[in-house]
Amino acid sequence: MDVYDHRKIEVKWQKKWKEAGIYQPDLRKAKKPFFNLMMFPYPSAEGLHVGNMYAFTGADVYGRYQRMQGYDIFEPIGLDGFGIHSENYAISIGKHPAEQAKVSERRFYEQLSAIGNGFAWDQKLETYDPKYYKWTQWLFVQMFKHGLAVRKKAMVNWCPSCKTVLADEQVEGGRCERCGSETTRRETEQWFFKITEYAQRLLDNIDGTGKKKQETGNNGVIRTQFRPMPKGYDPRLVGLRWPEKIKIAQRNWIGKSEGTEIDWNYGKGRTITTFTTRLDTIFGVTFLVVAPEHPIVASLLNSKFKIQSSKLREVKSYIEGALKKTEQKRQAAEKEKTGVDSGLRGEHPLTGEPIPIWIAEFVLKDYGTGAVMGVPAHDQRDYEFASQHHLPIRKVIEVAGKSVADVAVTEYGTLVGSGLYDGYSSQEAMKGILRDLEAKKAGRKAVSYHLRDWLISRQRYWGPPIPMLFCQQCAKRGRTFKGGYLKGMAGWWPASEEELPVLLPEMSYENVRPAGDGKAPLEKAPESWLYTKCPQCGGRAKRETDVSDTFLDSSWYFLRYPSVNLKNSKHETRNGEISNRFEFRDSNFEIPWDQEVTRSWLPVDAYIGGAEHAVLHLLYSRFVTMALHDWDYLPFEEPFPFLFSHGLIIKDGAKMSKSRGNVVIPDDYINKFGSDTLRLYLMFLGPYDLGGDFQDTGIAGMYRFLTRVWKLYQDNSKLQLKNSKLGKNSNRDLERSLHRTIQKVTEDIGKFKFNTAIAFLMEFVNEWEDGGSLSREDCGSFLKLLAPFSPHISEELWQVIQQKEEAKASFSSIHVAEWPSFDEQLTQFKEVEIVVQVNGKLRGKFSVSAKDSENKEKLIALAREVKGVLPYVTAENPKAIIWVKGKLVNFVLS
RNA sequence: GGUCCGGUGGUGAAACUGGUAUACACGCAGCACUUAAAAUGCUGUCCCUUAUAAGAGGGGUGUGGGUUCGAAUCCCACCCGGACCACCA
C-alpha cells in the first residue's frame with residue numbers, strides 16, 4: 001500500500017461491512033435504539049442523481065456520527081416504486097410498469113451500494129411488493145371501518161395527460177405536479193380520506209398544547225431545534241422539533257380561520273349561510289355571492305323559484321361555462337370577475353334590507369360555506385366584483401389616511417354608517433354584532449379550514465387496488481357497512497382482511513395505459529378478478545377498480561421498516577392474545593408491525609428529507625399515524641418528532657430534472673474519484689439546510705485533500721505508532737489543535753453543519769503537515785472525525801494503524817468505534833490575541849496569556865502601549881474604556 | 001398578491017450571543033520540480049492610495065437611514081434573487 005487508490009478500497013470495505021453486519025442493529029436487543037431515516041425515495045428515470053445522493057449522504061453522515069456516539073442506529077432503505085410517477089416513466093419508454101420496476105430496482109440498489117451508506121439492508125422494502133401493499137390495503141380497510149374513508153361526488157382536479165384525478169396538493173398552479181399538463185375540473189365520485197376531521201389536532205401538535213418543557217442553553221436560548229427529541233418527550237406537549245419554515249407551511253396549509261357564520265333569509269324560511277372573518281363590515285354588505293356549485297344554484301335551476309325565464313337561461317349558461325373551464329383559464333381570468341345575478345334577494349339580518357344574491361366563480365365551493373357576503377369597500381375581491389357589475393360600494397370602516405378609491409380599505413378601524421355601532425372600533429363592534437346575531441339566531445362563531453379531504457383514488461394501474469367491493473343487490477336494499485354512519489354508501493363492503501392482498505391483476509401493456517375515458521385500467525381486468533362473492537349477501541359483487549394514491553404507500557412505510565423480515569415476530573392482537581405467525585397471506589393477526597420492536601424503535605428519532613414534502617407526505621403521514629393511534633394500533637401519534645430538512649442541489653441555477661437536461665449522475669464521479677471524495681464534496685458545498693449549485697470544479701480539491709490525508713498516514717515522521725499515549729513529546733500544540741478540532745467537529749455535525757466541520761478537518765491537516773507527529777490514539781481520533789464523511793478511506797487507514805496482531809485477531813470497524821472525546825483544558829489557547837480599538841476602529845493587537853486576558857487593569861495598561869493607539873490616546877482623553885474579557889479593549893474618545 | 005428564506009471576494013462559502021470581515025476550499029497568477037506536460041509542492045490573491053521595501057493610510061458585507069463605544073449580525077424603508085402557496089372570504 002502506497003498510493004491512494006479508492007477503487008481498491010471502497011468495494012473491499014463495503015463487502016466487509018456487509019459480512020460483518022456492522023450496520024445491522026439487533027432490532028430486538030438493541031440498548032440504545034436510534035431510528036435514523038431519510039425520506040423514502042422513488043426511483044427516477046436514470047436512477048439516482050447527485051441531488052438524491054446529497055440527501056442520502058447528509059442523513060448517513062448524521063447516522064454514522066450517532067452510531068459512534070454509542071447509539072444503535074437503524075438506517076433502512078427501500079423503494080417507493082408504486083404510483084403514477086413510476087408508471088408514467090415506464091409508459092414513456094414503452095415498458096410495462098411491472099417490468100420496468102425490476103430494472104429500476106436493480107439499478108437503484110446498485111447505486112445505493114456504491115455510495116457507501118450504512119444501510120440496514122435486511123429490512124429493505126418496496127411498495128409494489130404484495131407483502132407490503134397488503135398492508136397498505138389493510139390501512140385502507142381500517143380507514144373505511146372507522147368511517148374515515150368515504151366515497152363522495154366531488155369536483156376534482158383532472159389531469160388530461162395522466163388521465164387521472166389528482167389531489168389538491170398535487171396540482172401546482174393549475175398544472176399537474178407529475179407531468180406539468182394543465183388540469184381541468186370534473187365532477188365524479190371518488191374515495192376520500194377525511195383528513196379534515198384531524199385538522200385541529202394536526203394544527204395543535206405542531207406547537208404543542210401543554211406547558212413547554214424546553215431545554216435551554218446558558219442564556220436561556222432555546223437549543224432544541226437541531227437535536228432529536230429525547231425518548232419520553234411528547235410532541236403533543238412540547239410541539240414538533242421541526243424547521244420553522246416547514247411548520248409554517250403546514251399551518252398555512254391547514255389554514256385555520258376563525259370567524260362567524262351568518263344566515264341570510266331569502267324567503268319562505270330558506271337561508272343561505274356565509275362565512276366571514278370581518279364581522280365588523282356587515283353593514284357594508286351590498287350583495288351576496290355563492291359558488292356555481294352551491295346547492296342553491298341547483299334548486300334555482302329546478303325552477304323552485306319564480307324568476308323570469310330569460311334570467312334562468314342566463315344563469316344556466318353562466319354555470320355551464322364556469323364548470324367547463326380549466327383551472328388555468330380560471331386563473332388567467334383572475335382580474336375579470338365574472339358573475340350573474342340570480343334574481344334572488346336575501347334579507348340583511350340586522351337591517352332587514354334586501355340584498356341581491358349573485359353567482360360567481362371566484363367563490364370557492366369548498367371553503368367556508370361556499371357563499372360570501374360582499375363588502376366591496378373593505379375587501380379587494382369584492383371591490384373588483386362590485387365595480388365590474390355596477391353594484392353599490394358602501395364604506396363602513398374609517399381608517400386614518402385611507403380612502404376607498406380603486407382599492408378597498410382592508411385594515412381595521414372605526415365604524416361609520418353602521419347604526420348603533422358608529423364610533424366603535426372594529427374589535428369592539430365584532431363582539432357586539434356577534435351577540436346581536438346570536439340573539440336573533442342568525443349567526444354564530446365558526447371555524448373554517450383551508451385543508452380539504454384527501455382524494456385517495458386514482459384511475460390508474462400501477463398502485464394497490466382499493467380493497468373494496470360493490471354489491472348491486474345490497475345497494476338496492478340500502479344495506480350499509482355495520483357502522484351505518486356512511487351516508488350514501490350502501491352496497492360497499494371492504495375486502496375481508498383474510499383476503500388481503502387484493503393482488504394487482506397482470507395485464508397487458510396495452511390495457512395498462514390509461515384509456516382517456518376516465519375509466520380505470522382495471523375495468524379491463526379479467527372477470528375472474530373483477531367479480532367476486534359479496535361478503536354480505538353472497539351475491540355477485542364487483543371490485544373497486546381504482547387504485548390508491550402513491551402518497552398512501554409512503555404514509556406509513558416507516559412503521560413497517562423495523563418489522564420487515566423479523567423472526568419470531570409477536571403481534572399482540574387487540575384482545576391481548578399473542579400470535580407468532582407473520583408469514584405472507586397468513587392472516588390470523590391484525591397489524592403489520594411487531595409491537596415490541598415498534599415500541600423501542602418508533603417514532604422515528606431523526607427524519608431527514610427535502611422541504612418539498614412540507615405539506616404532502618409529512619401531513620399525510622401525521623394524519624395516518626394519528627388515526628392508527630386512535631384505533632390503538634400505535635402507542636404514539638406523531639411519527640416524526642424531529643425533522644431536519646436539507647436544501648436542494650441545483651444545477652445551472654435550476655432544479656435537476658430530465659426535461660431540463662441538467663441531471664447529474666453520480667456514477668462517473670464515483671468511478672473517477674470514489675464515493676469518499678464525492679460525499680466529502682457534497683457535504684462541503686454549503687450548509688446542509690441550504691443546498692447549493694453543483695459545479696464539479698471543486699471535486700478535485702476534495703480528492704487532493706484525501707490524498708494528503710493518505711500521505712500523512714504513510715509518513716512515519718508524522719506518526720508515532722509505538723506510543724499509545726501522547727506524552728511529553730514536542731507536539732503539544734498539535735495536540736491542542738486536535739482537541740479543538742474534535743470539539744468543533746463534534747458540535748458542528750450535531751448541528752448538521754457539515755461544511756464547517758470539514759473545514760476544520762482541513763485546517764487541522766494543514767497544521768499537521770506543517771510539522772509534528774501524532775500518537776496512535778490521536779491518529780485514530782482524527783480518522784474517527786473523518787469517518788462519517790469518508791467512511792472507506794477512514795476504515796482503511798484505521799486498520800493500518802492498528803497494531804498488526806490486534807487487527808488480525810478480529811475485525812473491529814472504525815464505524816463502531818467510540819467517538820473521540822476532547823480535553824476541555826487542551827482546547828483552551830495558551831495565548832490570546834487582544835484587539836485594540838479607538839472609537840470602535842481597529843488600531844492594533846497584542847498577545848497575552850490566557851490568564852492575563854481576564855485581567856482588566858493589565859489589559860488596559862497593555863493596550864495603551866500598542867503602537868497604533870499611541871497617536872490617539874493620552875492619559876486623560878479616553879471618555880470611556882470598553883473592555884471585553886479575552887477579546888478587546890476599546891478607547892472611546894468622543 | 002401572500003408567506004418564508006436569502007443578498008459577503010473572480011466562484012462555493014466562513015464569521016459564536018453585536019466585538020479582528022472574507023476561515024476552509026475552488027479558480028487564477030507567479031515560482032519550483034520536469035525535455036515537456038500532468039501530478040505535486042511553495043508563494044500571492046477584497047478594492048483604492050502611497051512606498052524601493054518592511055509597511056502605512058483609507059474604503060468595503062445589495063441601497064439609504066437608525067440604534068450602539070462598536071453592526072455582515074439588531075431596527076425601519078427600499079431594491080434584487082429564490083422557494084412555497086396563491087380569488088381561503
Side-chain angles (χ1 to χ4, degrees), chain A residues 169 172-174 217-221 243-246 248-249 251-253 255-257 259 274-278 281 289 330-331 333-335 337 360-364 366-375 378-382 384-385 448-452 611-612 614-615 647-648 650 653-655 681 684-687 689-702 704-705 707-708 711 744 747 753 755-763 765-766 769 833-845 868 878-882 884 886-894:
Chain A
E169 289 88 332
E172 293 173 346
N218 302 339
N219 304 310
V221 176
E244 202 49 44
K245 61 175 179 177
I246 307 275
I248 288 165
R251 278 188 216 111
N252 290 343
W253 190 263
K256 180 180 183 174
S257 51
T274 61
F275 175 79
T276 183
T277 52
R278 288 298 302 274
T281 64
V289 202
R330 275 193 160 199
Q331 284 178 2
E334 196 173 322
K335 280 284 160 313
K337 288 215 163 17
E361 58 179 343
F362 83 89
V363 174
L364 305 174
D366 290 319
Y367 187 75
T369 58
V372 300
M373 61 183 210
V375 187
H378 305 292
D379 181 280
Q380 189 56 29
R381 286 176 316 249
D382 295 350
E384 284 160 20
F385 189 77
S448 196
Y449 297 92
H450 169 217
L451 186 69
R452 312 288 157 78
E612 68 272 22
V615 289
L648 212 60
I650 54 174
K655 203 166 156 179
Y681 168 70
F684 188 63
L685 208 65
D689 54 347
L690 288 185
D693 200 68
F694 186 88
Q695 304 166 333
D696 58 8
T697 48
I699 197 161
M702 296 301 118
R704 218 171 288 159
F705 170 71
T707 305
R708 282 161 58 201
K711 280 184 183 160
K744 291 188 160 164
E747 282 170 11
K753 293 178 74 180
N755 56 334
T756 46
I758 294 168
F760 289 125
L761 292 175
M762 290 173 165
E763 238 170 305
V765 164
N766 289 344
E769 280 175 335
E833 193 173 33
I834 301 295
V835 171
V836 187
Q837 298 174 334
V838 176
N839 288 333
K841 206 163 198 23
L842 178 70
R843 291 295 171 192
K845 313 168 188 184
K879 260 171 69 181
I881 300 172
I882 310 266
V884 180
K887 280 246 163 72
L888 63 78
V889 175
N890 183 12
F891 296 98
V892 184
L893 304 186
S894 55

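In what follows, chains are A, B, ... by sequence order, proteins preceding strands, each numbered from 1. All of these numbers come straight from a predicted model, not from anything done at the bench.
- Interatomic distance, A:Leu888 CG to A:Ile834 CD1, rounded to the nearest 0.5 Å: 7.5 Å.
- Scanning both residues, A:Ser257 and A:Thr277, for their nearest heavy atoms gives CB-CG2, 4.1 Å.
- If you take CG on A:Leu690 and CG on A:Leu685, they are separated by 10.5 Å, rounding to the nearest 0.5 Å.
- Atom CD in A:Glu361 sits about 19 Å away from atom P in B:rA89, given to the nearest Å.
- Its glycosidic angle being more than 90° from 0, B:rG59 falls on the anti side.
- With values rounded to the nearest 0.5 angstrom, A:Arg251 atom CZ is found 5.0 Å from A:Glu244 atom CD.
- At distances below 3.5 Å, at least one donor-acceptor pair connects side-chain atoms of A:Asp379 with backbone N or O atoms of A:Asp382.
- Rounded to whole Å, the separation between the C1' atoms of B:rA77 and B:rU67 comes to 15 Å.
- When heavy atoms are screened at a 4.0 angstrom cut-off, A:Gly701 is found touching the sugar-phosphate backbone but no base atom.
- Nucleotides B:rU17 and B:rA13 are separated by 22 Å at their C1' atoms, to the nearest Å.
- In this structure, A:Glu244 atom CD and B:rC4 atom C1' are separated by 10 Å, rounded to whole Å.
- A heavy-atom distance below 4.5 Å is not found between the side chains of A:Thr276 and A:Val372.
- Mapped onto RNA chain B by nearest heavy atom, A:Glu763 and A:Ser257 fall at different nucleotides, with A:Glu763 at the one closer to the 5' end.
- Whole-Å rounding puts the A:Met762 CE to B:rC24 P distance at 11 Å.
- Atom CZ of A:Phe362 is separated from atom C1' of B:rG1 by 16 Å (rounded to the nearest Å).
- A straight line from CD of A:Glu384 to C1' of B:rA89 spans 14 Å, rounded to a whole angstrom.
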Protein N or O to nucleotides 58-61 of chain B N or O, pairs below 3.5 Å:
from   : atom 1 : to       : atom 2 : distance (Å)
B:rG59 : OP2    : A:Lys841 : NZ     : 3.3

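- At a threshold of 4.5 Å between non-hydrogen side-chain atoms, the residues A:Arg708 and A:Asn766 count as touching.
- Here the separation of B:rG62 from B:rG81, taken at their C1' atoms, is 10 Å to the nearest Å.
- Annotation: the span from A:Lys753 atom NZ to A:Glu747 atom CD amounts to 9.5 Å, rounded to 0.5 Å.
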Dot-bracket assigned to RNA chain B with the 3.5 Å Watson-Crick/G-U criterion, [ ] for crossing and | for other-strand pairs, is (((((((..(((......[....)))((((((.......))))))(((((....)))))..(((((..]....))))))))))))....
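- A:Met702 comes within 4.0 angstrom of the backbone, heavy atoms only, and of no base.
- Here A:Arg251 lies out of heavy-atom contact (under 4.0 Å) with every strand.
- For a distance-only test at 3.5 Å, the side chain of A:Gln837 qualifies as a donor-acceptor partner of the base of B:rG19.
- The side chain of A:Asn890 has B:rC69 as its nearest neighbour among B:rU40, B:rA25, B:rC69.
- Distance noted for atom C1' between B:rU61 and B:rG6: 14 Å (whole Å).
- Rounded to whole Å, the separation between the C1' atoms of B:rU35 and B:rU43 comes to 26 Å.
- The pair A:Glu763-A:Lys744 does not count as a salt bridge, with every side-chain nitrogen at least 4.0 angstrom from each carboxylate oxygen.
- Between the P atoms of B:rU8 and B:rU63, the separation comes to 10 Å (whole Å).
- With a 4.5 Å cut-off on side-chain heavy atoms, A:Met702 and A:Met762 count as touching.
- No engagement by A:Asp382 is indicated, since no non-hydrogen atom pair under 4.0 Å with the nucleic acid exists.
- A:Leu888 has its CG atom 13 Å from the P atom of B:rA71, to the nearest Å.
- Taking the six-membered ring where the residue is Trp, the centroids of A:Phe684 and A:Phe705 are separated by 6.0 Å or more.
- For A:Arg278 and B:rA89, the shortest distance from a side-chain N or O to OP1 or OP2 is not below 4.0 Å.
- When the nearest nucleotides of RNA chain B are assigned to A:Gly370 and A:Ile882 by heavy-atom distance, the more 5′-ward of the two goes with A:Ile882.
- Separating the P atom of B:rA72 from that of B:rG66 is a span of 15 Å, rounded to the nearest Å.
- Between the A:His450 side chain and the A:Trp253 main chain, a donor and an acceptor come within less than 3.5 Å of each other.
- What separates CZ of A:Arg704 from P of B:rA38 is a distance of 12 Å, to the nearest Å.
- The aromatic rings of A:Tyr367 and A:Phe275 sit perpendicular to each other, their planes meeting at more than 60°, with 30° as the lower class boundary.
- Separation of the C1' atoms belonging to B:rU73 and B:rA21 is 11 Å when rounded to the nearest angstrom.
- Residue contacts for A:Asn252: at a heavy-atom cut-off of 4.0 Å it reaches the sugar-phosphate backbone alone, with no base atom in range.
- Atom CD in A:Gln380 sits roughly 13 Å away from atom C1' in B:rA89 (whole-Å rounding).
- At least one side-chain heavy atom of A:Ile882 sits less than 4.5 Å from a side-chain heavy atom of A:Val892.
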Would you tabulate the pairs of protein nitrogen or oxygen atoms and nucleotide nitrogen or oxygen atoms of nucleotides 5-15 of chain B closer than 3.5 angstrom?
from   : atom 1 : to       : atom 2 : distance (Å)
B:rG12 : O2'    : A:Leu685 : O      : 2.6
B:rA14 : OP1    : A:Asn755 : ND2    : 2.9
B:rA15 : OP1    : A:Lys753 : NZ     : 3.1

